[in-house]
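Reviewing the structure listed below.
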Amino acid sequence: MTGDEKHSPAAHSTLDALWVLYDRVLDVHPGNVDAPDRDRFLLSKGHGPMAYYAVLAAKGFFPVELLHGFGAYDSPLGHHPDRLLVPGAEIGSGSLGHGLPLAVGTALGLRAQGLTGPAVWVLIGDAEFDEGSNHEAVAFAGAYGLDRLHTLVIDNSSATHGWSGGIAARFAGEGWSTATVDGRDHEQLYRAFTAPHPGRPHVVVARTEPKYS
């Protein structure tokens with residue numbers, strides 16, 4: 001961890017899942033960041049972005065040296081990612097509850113353009129389910145069968161309240177394909193990320209150690 005990270009548990013909890021996505025799943029790299037047929041990754045959990053920046057740097061989106069100035073006044077790597085400053089960032093994020101609705105809109109827009117190949121991924125935190133906008137997005141995506149939409153929920157037990165049957169049950173009730181895995185186990189993550197889900201959006205709930213453990 002370098003720079004001036006204020007939300008280290010948020011960063012630590014996402015690192016393994018982000019690495020598996022960028023290393024083994026996503027079709028996006030520095031050479032195709034503007035290509036219409038690229039996969040899209042949206043970081044809704046925009047607070048605590050240091051792990052995201054580290055993965056982008058490791059994959060060549062920007063020089064590793066920029067990491068050491070994270071959070072500084074003159075650094076492009078702010079405490080919330082800015083899509084105009086961070087190569088590879090699809091959205092400016094950090095306001096809880098915005099990322100999943102944006103991902104739904106992205107998947108719907110790609111479908112409307114006839115771009116059926118690109119996958120859309122969004123990473124959200126379990127606490128974001130305190131925001132009603134996410135529940136509306138889950139219901140809409142299930143009803144419209146947005147099968148190119150994938151949601152990764154990092155569950156580090158930071159939500160105000162839970163749901164009967166767990167987080168995955170909330171998605172399953174709206175017709176999503178679901179998987180719940182150990183958020184530190186790379187093979188479990190990879191299998192869950194690549195599981196087939198024809199005609200349905202897919203969610204992977206990645207459980208990590210509790211935020212305050």
Side-chain angles (χ1 to χ4, degrees), residues 11 13-46 49-62 77 80-94 98-125 128 134 137-138 140-142 144-154 171 176-179 181 183 185-206:
S13 63
T14 63
L15 181 56
D16 292 276
L18 282 170
W19 179 255
V20 174
L21 270 178
Y22 273 89
D23 192 51
R24 302 172 64 180
V25 178
L26 291 174
D27 181 15
V28 62
H29 52 77
N32 73 348
V33 290
D34 296 317
D37 61 349
R38 73 188 184 280
D39 286 346
R40 272 72 166 175
F41 174 79
L42 284 62
L43 181 71
S44 182
K45 189 180 169 76
M50 191 60 200
Y52 179 52
Y53 293 154
V55 171
L56 289 177
K59 289 299 180 181
F61 287 88
F62 55 79
L77 307 181
H80 290 177
D82 185 331
R83 70 179 183 85
L84 300 179
L85 298 177
V86 181
E90 293 281 355
I91 60 171
S93 60
H98 287 186
L100 182 52
L102 285 170
V104 168
T106 301
L108 195 64
L110 290 170
R111 174 187 284 186
Q113 296 175 71
L115 294 171
T116 58
V120 178
W121 282 85
V122 57
L123 186 156
I124 70 176
E128 290 193 67
N134 276 319
V138 169
F140 181 92
Y144 275 74
L146 296 179
D147 56 1
R148 301 307 292 155
L149 175 65
H150 309 76
T151 298
L152 168 60
V153 183
I154 301 295
F171 287 85
W176 288 57
S177 167
T178 72
V181 299
D185 188 312
H186 288 203
E187 291 307 314
Q188 284 190 33
L189 287 164
Y190 177 73
R191 288 194 298 270
F193 290 164
T194 57
H197 51 96
R200 298 193 291 167
H202 183 55
V203 62
V204 176
V205 180

- Task: Please step through side-chain contact (heavy atoms from CB on, under 4.5 Å) for the pair L189 and W19, ending with a clear verdict.
- Result: CA-CA 10 Å; L189 287 164; W19 179 255; over 6 Å; no
CA sep, side-chain torsions, deciding dist, call: V55, L15, side-chain contact (heavy atoms from CB on, under 4.5 Å):
CA-CA 8 Å; V55 171; L15 181 56; 4.0 Å; yes
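N134 contributes atom CG, which lies 5.0 Å from atom CD1 of I124 (distance to the nearest 0.5 angstrom). Here the straight-line distance linking atom CZ of R191 with atom CG of D185 works out to 6.5 Å at 0.5 Å rounding. L56 contributes atom CG, which lies 5.0 Å from atom OH of Y22 (distance to the nearest 0.5 angstrom). Put simply, NZ on K45 and CD on E128 are 7.5 Å apart, with the number rounded to the nearest 0.5 Å. To the nearest 0.5 Å, atom CG of residue D82 and atom CD1 of residue I91 are 11.5 Å apart.
Within the structure, every pair that satisfies the side chain to side chain donor-acceptor pair (under 3.5 Å) test and touches residues 49-60, not counting sequence neighbours, is listed here: D23-K59.
Considering all non-hydrogen atoms of both residues, D39 and V25 come closest at OD2-O, 4.1 Å. Among all heavy-atom pairs drawn from A141 and P201, the shortest one is O-CG, 3.7 Å. Heavy-atom minimum distance, D147 versus G199: OD2-N, 3.4 Å. Contact detail for L149 and A107: the closest heavy-atom pair is CB-CB, 4.2 Å. For W176 against V138, the heavy-atom pair with the smallest separation is NE1-O, 2.9 Å. Heavy atoms only, all atoms of each residue included: A17 and I154 are closest at CB-CD1, 4.0 Å.
Looking at H29, its side chain never comes within 3.5 Å of a backbone N or O of D27 through a donor-acceptor pair. Within the 3.5 Å criterion, the main-chain N or O of G142 finds no donor-acceptor partner in the side chain of R200. For S93 (side chain) and L43 (main-chain N/O), a donor-acceptor pair under 3.5 Å exists by modelled atom type. With W121 contributing its side chain and L152 its backbone, the two residues share no donor-acceptor pair below 3.5 Å.
Taking a 6.0 Å sphere around OH of Y144, one finds it holds 12 or fewer heavy atoms contributed by other residues, nucleotides or ligands. Other residues, nucleotides and ligands place no more than 12 heavy atoms under 6.0 Å from the CZ atom of R83.
For R38, the side-chain hydrogen bond (donor to acceptor under 3.5 Å, both in side chains) test picks out E90, with sequence neighbours left out.
Using a 30° and 60° split on the angle between ring planes, H197 and H202 fall in the parallel class, below 30°.
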